[in-house]
Amino acid sequence: MSEQSRGGRIRATGSRRRKPSTRRRATTLVAWSAAALVLVGGSGLGYVYFKLNGNIQGVDINARLGTDRPVDVDNGSMDILVLGSDSRSGANSEYGADQGGARSDTAMIVHVDEGHRSASVVSVPRDTLVERPDCETDNGTAAGAQRAMFNTAYEVGGPACAVKTVEKMSGIRMDHYIEVDFTGFKQLIDDLGGVKITTKEAIDDPDSHLKLEPGPHTLDGEQALGLVRTRHSVGDGSDLGRIQLQQAFIKALINQVKEIGLLSSPKKLYEIGNTATRAITPDSELDSVKELVSFAGGLKNLGASDVNMITLPVQYDPADPNRVVPLEKASQQVWDALRADKPIPASATKDSAGDKGGAADVVTGG
């Protein structure tokens, strides 16, 4: 985890969580990774509870975001910004040299509906050109910018700036923030015993160190990280194709987690809990095991079929084919649907370059 992400603390006020009943206080685990949610719940674990609690380092964004934020609609739904940082410091240095600051390598806006029966996930391409607002930092204020790459928000202002940028572009208040670490992600997949996928074509990407033949595979942590970072050897070689791989992997992961009998293995439950609580940096309303248990309790019944994943509607920038820009009307359809707690209409992504990455069917679960 980057030093920057351990910086100023974030508090997302006005949470829309509903407190779970005592009947839902069973030990649970819900894992959404690669820039998905990674959550662990543990009750009745005695000293282990405090051990896991000590692993969690939260960030409080409330002070830096102030009061100039979208209206909080307290109807039981939740909106969460999930980031995977591309910091190359510390244990992540094997993935390349640190270029001076971490960026949000993966970004997903997760909307859980009022009844917690379904969820919509909007992946934001890191090279999307957006209006980045002014952001408070440890050293003052980072000036905003027009046509700034989305992932620079985290680089210049940390988690609070990433949240502020998302709220600026969407008009939706984020209830929570969760950041996922490269090394912790790998270990979590290993603790789960790997993730089963099937590839319809060969993948050979020297940059992500992943080589897979067509057919079924059980990916270990190293291979899983390689998959969610693969782009050059699949589809059109763009970040849009990589997002399609990430979405397919996350759905496979969600299904597999629901099938694992963790309650019958306290040792495995502890291993996964220990890894998961080290792998994430949540906002300060989720920075304890008790809070994560409550949060996970509201998500534990979601399966992959209940989660609709899309890429923000975009087109390639006419001035720079290596960048994308949001399709204004289509993107507004997406934000309006989330704000109204309704499914995202299929028409929103009909003309989006995000649906043309060429990697949508390359990977399936199982």
Side-chain angles (χ1 to χ4, degrees), residues 5 8-19 32 35-37 39 58-83 104 107-124 128 130-137 142 144 148 150-151 153-154 157-179 280-287 291-292 294-295 298-299 302 307-310 312-313 326 328 331-344 348:
S5 69
R9 295 182 57 82
I10 294 183
R11 182 167 295 278
T13 57
S15 171
R16 305 175 200 171
R17 290 174 293 158
R18 289 176 174 170
K19 293 182 179 180
W32 310 20
L37 296 164
L39 304 171
V59 287
D60 188 344
I61 53 174
N62 185 55
R64 289 186 175 174
L65 290 177
T67 58
D68 185 19
R69 303 181 64 188
V71 174
D72 176 39
V73 181
D74 191 9
N75 65 353
S77 65
M78 291 188 296
D79 294 286
I80 309 109
L81 175 60
V82 181
L83 293 186
S104 50
M108 295 182 176
I109 299 163
V110 181
H111 175 84
V112 182
D113 78 348
E114 178 181 354
H116 295 192
R117 296 179 298 268
S118 65
S120 297
V121 178
V122 181
S123 296
V124 181
T128 305
V130 301
E131 178 184 351
R132 192 184 69 221
D134 294 343
C135 294
E136 291 187 28
T137 70
F150 174 80
N151 67 346
Y154 183 96
C161 193
V163 171
K164 190 172 184 179
T165 300
V166 166
E167 292 187 343
K168 173 74 174 178
M169 65 190 290
S170 68
I172 298 172
R173 187 186 184 104
M174 294 296 107
D175 295 298
H176 294 297
Y177 168 87
I178 297 177
E179 184 176 323
I280 64 171
T281 299
D283 70 76
S284 55
E285 288 193 346
L286 295 177
D287 63 359
E291 290 164 338
L292 286 175
S294 176
F295 186 43
L299 302 177
L302 289 177
V307 181
N308 177 35
M309 307 187 77
I310 70 159
L312 179 70
E328 186 174 345
S331 294
Q332 195 58 52
Q333 280 188 278
V334 173
W335 306 136
D336 288 347
L338 299 191
R339 195 178 301 109
D341 200 30
K342 294 180 178 179
I344 297 171

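In this structure, OG in Ser284 is found 8.0 Å from CD in Glu291, a value given to the nearest 0.5 Å. Atom CD of Gln332 and atom CE of Met169 lie 11.0 Å apart (nearest 0.5 Å). One finds the CE atom of Met309 at 5.0 Å from the OG atom of Ser123 (value rounded to the nearest 0.5 Å). With values rounded to the nearest 0.5 angstrom, Thr281 atom OG1 is found 10.5 Å from Leu83 atom CG. Taken to the nearest 0.5 Å, the CG atom of Asp283 stands 10.5 Å off from the CG atom of Leu81. To the nearest 0.5 angstrom, Leu286 atom CG is 9.0 Å from Ser294 atom OG.
Applying the side-chain contact (heavy atoms from CB on, under 4.5 Å) rule to Glu136 yields the partners Arg64; only residues at least two apart in sequence or on another chain are considered. Annotation: salt bridge (Lys or Arg N to Asp or Glu O under 4.0 Å) contacts of Asp134 (sequence neighbours excluded): none.
Taking each heavy atom of Asp287 and Gly58 in turn, the nearest pair found is CB-CA, 3.8 Å. For the pair Phe150 and Ala107, the tightest heavy-atom approach, listed with the atom from each and the gap, is CE2-CB, 3.4 Å. Residues Ala153 and Cys161 come closest through the heavy atom pair O-CB, 3.3 Å. The two residues Ala348 and Gln333 make their nearest non-hydrogen contact at CA-OE1, 3.5 Å. Summarising the geometry of Asn75 relative to Glu114, their closest heavy-atom pair is O-CG, 2.8 Å, with the distance given to 0.1 Å. The minimum heavy-atom distance between Ala160 and Leu65, with the atom names listed, is O-CD2, 3.5 Å.
In this structure, the side chains of Val166 and Tyr177 stay at 4.5 Å or more apart for every pair of heavy atoms. Proximity of Ile109 to Ile172: side-chain heavy atoms (C-beta onward) are nowhere separated by under 4.5 Å. Looking at heavy atoms from C-beta onward, Leu312 lies in side-chain contact with Ser331 at the 4.5 angstrom threshold. At a threshold of 4.5 Å between non-hydrogen side-chain atoms, the residues Leu292 and Ile280 count as touching. Contact annotation: the side chain of Val110 never approaches that of Met78 to less than 4.5 Å [non-hydrogen atoms, C-beta and beyond]. When side chains are defined from C-beta on, Pro159 counts as touching Tyr154, because their heavy atoms get closer than 4.5 Å. For the pair Asp336/Arg339, a side-chain contact is recorded, criterion being any heavy-atom separation below 4.5 Å from C-beta on. Side-chain atoms of Asp341 and His111, non-hydrogen and from C-beta on, do get closer than 4.5 Å to each other.
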task: Apply side chain to side chain contact (heavy atoms under 4.5 Å, CB included) to Leu338 and Ser120, showing your working.
output: CA-CA 8 Å; Leu338 299 191; Ser120 297; 3.8 Å; yes
task: Kindly determine whether Val122 and Ile344 satisfy side chain to side chain contact (heavy atoms under 4.5 Å, CB included), including the steps that lead there.
output: CA-CA 10 Å; Val122 181; Ile344 297 171; 4.0 Å; yes
Stepwise side chain to side chain contact (heavy atoms under 4.5 Å, CB included) test for Asp175 and Asp72: CA-CA 8 Å; Asp175 295 298; Asp72 176 39; 3.8 Å; yes
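His116 places a side-chain N or O within 3.5 Å of a backbone atom of Gly76 that can act as its donor or acceptor partner. Panel note: side chain Glu167, backbone Met174; a donor-acceptor pair is recorded below 3.5 Å.
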